[in-house]
Amino acid sequence: MIGLRSLRVRLTLTFVAVGAVLVTAGYIGTAWLLRRAVWHPLDAALQEEAASVELVRSADDAEGEDEGEREETDDDDAFDGAAEVASAVARLGRERDLGPDKFLIVSAADGRVIAASGRPPPAVDVSDRSVLRDGARFVVDGRSQYRVVTHRLTEGGWVLIGVRVDRQVRAMRRALLGLLAGAVAMLGGIGILAWSMTSRATREIADVTAELGRIGADSLSRRLRPRDTTEVAALAAALNDLLARLELAVRRLQRFTADAAHELRTPLAALRARLDVALARPRSADAYRDGLLDAVEQTERLTVLSEDLLTLSAIESADPPVPTAVDFGALAIEVAEFLEAVAQEQQRHFNVTVGEQVLVLGEAVLLKRLLLNLLGNAFTHTEHGIAVRLDVQRDRREVVLTVRDHGGGIAAADQHVLFERFAARPSRRGGAGLGLAICREIVARHHGTIALDSRVGTGTTVTVRLPSASA
């Protein structure tokens with residue numbers, strides 16, 4: 001059941017609420033304009049006829065003054081004997097252009113009726129001063145309604161004029177009902193349109209959810225199909241990117257698990273065999289010592305292999321390095337000083353050359369591991385006495401690291417697999433076959449390149465290029 005937690009329901013309710021406010025405002029405004037269009041002209045016409053009575057009286061007063069025939073009277077008797085006013089009222093009362101049952105009453109300031117025409121409704125009582133308030137209003141007489149206008153005379157008194165407006169009222173009601181029906185229909189249309197639009201938008205989200213639910217751990221290579229809506233397409237693209245990263249992480253985990261299970265099996269089996277042989281029958285102290293030395297050697301291999309596997313897994317799964325400027329030259333000198341004792345022990349000529357402004361962006365710990373692995377390979381896999389050279393220089397926008405030895409070299413057929421895991425199998429000289437694989441991952445994390453060039457009988461050169469921080 002769809003509840004208020006549904007995005008579709010919330011969006012539809014929001015659209016309907018906004019539409020209701022707009023439709024209501026439009027209905028009120030249109031109704032006001034309609035009423036004004038119907039009643040304002042009628043009120044103006046009634047007001048004009050009421051004012052015409054005062055014009056007749058003013059003309060009669062002016063004529064009397066010119067002839068010298070008008071005698072002074074009190075204000076309350078201002079309309080006594082005004083035959084012209086009575087005639088004008090009678091004439092206006094006979095006109096029906098403004099509506100049926102027209103009435104017109106002229107009263108003095110004390111409420112005394114001076115002239116009248118037509119039959120006013122019982123609710124119109126000139127003796128009641130509340131009836132004689134200025135402006136236009138409705139007066140109800142049973143089922144009939146009258147539009148009444150009061151006009152105050154400048155010399156005192158009032159003119160009350162009105163017509164029956166049943167026809168206009170019925171037409172107004174029908175118009176307002178039509179407007180109301182149109183407003184309700186419009187609001188319903190807004191609701192239907194909002195529901196349709198939100199259903200289409202949320203349908204794509206529901207499709208993405210369903211498609212994502214069908215992707216399991218064994219099908220992480222699948223991707224969500226592109227969508228038509230920009231926002232949903234962006235969501236699908238972000239989820240595809242997440243799936244790609246998740247697939248890569250799972251593959252790395254599976255590869256780490258497979259490598260650990262496969263590569264640890266051999267040294268563990270060898271260690272177990274050495275211990276079983278040593279414990280099979282009583283031996284001399286020298287024999288036990290030899291067995292323990294063999295066990296220590298296998299333990300060291302296990303330690304190196306475990307550390308390299310964990311290091312490689314950590315490099316692959318860790319977040320990108322924080323872009324910190326590292327003095328690669330100072331780091332190379334530090335590593336060279338650390339290995340100088342090994343070079344002397346192996347009677348090697350170990351030459352180090354460092355240029356200026358060899359700054360790179362990266363992690364000092366990983367770059368130090370890169371130097372140790374490359375130099376360690378050169379020291380481990382060449383005969384004692386073979387010269388090794390380390391060179392760090394700035395080349396335009398790059399820092400170039402070169403490790404060169406003059407050993408026996410590597411056959412061309414074997415070079416292209418050396419950076420793969422366990423491509424170089426562990427040998428009697430140590431190593432787990434992961435050194436160059438670790439170097440490749442470190443260089444890739446620093447957006448650089450690594451290449452190996454070797455010739456049998458000439459030697460091996462490993463070249464690493466990293467973006468310069470100075471550039």
Side-chain angles (χ1 to χ4, degrees), residues 252 256 304-340 342-343 348 350-355 357-382 388-395 397-405 407 410 415 417-424 430-454 459-471:
R252 287 171 175 172
F256 171 80
V304 172
L305 179 58
S306 300
E307 290 179 352
D308 286 348
L309 280 172
L310 292 174
T311 300
L312 185 58
S313 177
I315 293 173
E316 288 179 338
S317 60
D319 293 332
V322 178
T324 304
V326 178
D327 189 343
F328 206 24
L331 200 62
I333 293 175
E334 179 185 348
V335 172
E337 291 176 351
F338 175 75
L339 295 176
E340 182 63 32
V342 179
R348 295 179 184 275
F350 184 32
N351 188 22
V352 179
T353 304
V354 176
Q357 295 183 345
V358 285
L359 298 176
V360 297
L361 291 177
E363 292 179 284
V365 175
L366 295 182
L367 294 174
K368 186 176 181 179
R369 181 63 182 266
L370 173 66
L371 290 166
L372 286 172
N373 279 11
L374 294 178
L375 291 173
N377 282 345
F379 283 14
T380 302
H381 299 289
T382 58
V388 176
R389 179 181 178 85
L390 171 63
D391 190 17
V392 180
Q393 298 293 335
R394 169 82 178 275
D395 182 15
R397 302 176 64 87
E398 294 179 327
V399 173
V400 181
L401 163 68
T402 304
V403 177
R404 181 180 295 108
D405 67 66
I410 304 171
Q415 293 180 22
V417 296
L418 290 178
F419 290 100
E420 301 297 329
R421 296 164 179 254
F422 308 109
L434 292 173
L436 288 179
I438 293 174
C439 291
R440 182 186 61 180
E441 292 298 329
I442 293 174
V443 172
R445 281 173 60 84
H446 289 78
H447 308 288
T449 60
I450 184 171
L452 183 143
D453 181 29
S454 183
T460 302
T461 301
V462 179
T463 303
V464 175
R465 293 181 174 272
L466 300 174
S468 172
S470 301

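Note that the coordinates shown come from a computational prediction; the quantities given were computed from them, not determined experimentally.
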Requested in this report: Work out which heavy atom in T460 is nearest to a heavy atom in S454; give both atom names and the distance.
Outcome: OG1-OG, 2.7 Å
Query raised in the report: Just wondering, do V462 and I450 contact through their side chains at under 4.5 Å, heavy atoms?
Result: yes
Query raised in the report: Any side-chain heavy atom of R445 within less than 4.5 Å of one from L366?
Result: yes
Report task. Spell out, as yes or no, whether a donor-acceptor pair under 3.5 Å connects the side chain of D327 to the backbone of A330. Result -> yes
Query raised in the report: Considering only heavy atoms from C-beta outward, does the side chain of F328 approach that of L367 to under 4.5 Å?
Result: yes
Requested in this report: Evaluate the side-chain proximity of V400 to V392: yes if any heavy-atom separation is below 4.5 Å, no if none is.
Outcome: no
Report task. For the residue pair L401 and L370, establish whether any side-chain heavy-atom pair is separated by less than 4.5 Å. Result -> yes
Query - Spatial distance of atom CZ (F379) from atom CG (L372) [nearest 0.5 Å] - result: 10.5 Å
Report task. Keeping the roles fixed (side chain from H446, backbone from E363), state whether a donor-acceptor pair exists under 3.5 Å. Result -> yes
Query raised in the report: SG of C439 to CG of L371: how many Å apart, nearest 0.5 Å?
Result: 9.0 Å
Query - Which residues share a salt bridge (Lys or Arg N to Asp or Glu O under 4.0 Å) with E334, sequence neighbours left out - result: K368
Query raised in the report: What residues form a side-chain contact (heavy atoms from CB on, under 4.5 Å) with D453, not counting sequence neighbours?
Result: none
Query raised in the report: Can you list the residues that meet the side-chain contact (heavy atoms from CB on, under 4.5 Å) rule with T449, with sequence neighbours excluded?
Result: R465
Query - Gap between atom CG of D405 and atom CG of N377 - 0.5 Å precision - result: 9.5 Å
Query - Which residues share a side-chain contact (heavy atoms from CB on, under 4.5 Å) with T461, sequence neighbours left out - result: T402, R404, T463
**Report entry** Non-hydrogen atoms of P467 and V360 that approach each other most closely
**Finding:** O-CG1, 3.7 Å
Query raised in the report: Below 4.5 Å, heavy atoms only, C-beta onward: do R369 and I438 meet side chain to side chain?
Result: yes
Query raised in the report: Who pairs with A364 by side-chain contact (heavy atoms from CB on, under 4.5 Å), at least two apart in sequence or on another chain?
Result: V326
Query raised in the report: How about L359 and V399: do any of their side-chain heavy atoms sit closer than 4.5 Å?
Result: no
Query raised in the report: Are any of the side-chain heavy atoms of V352 and F350 separated by less than 4.5 Å?
Result: yes
Query raised in the report: Are Q393 and D391 close enough that a side-chain donor and a side-chain acceptor fall under 3.5 Å?
Result: yes
Query raised in the report: Taking only residues two or more places apart in sequence, or in another chain, which ones meet R348 in a side chain to side chain donor-acceptor pair (under 3.5 Å)?
Result: Q346, T382
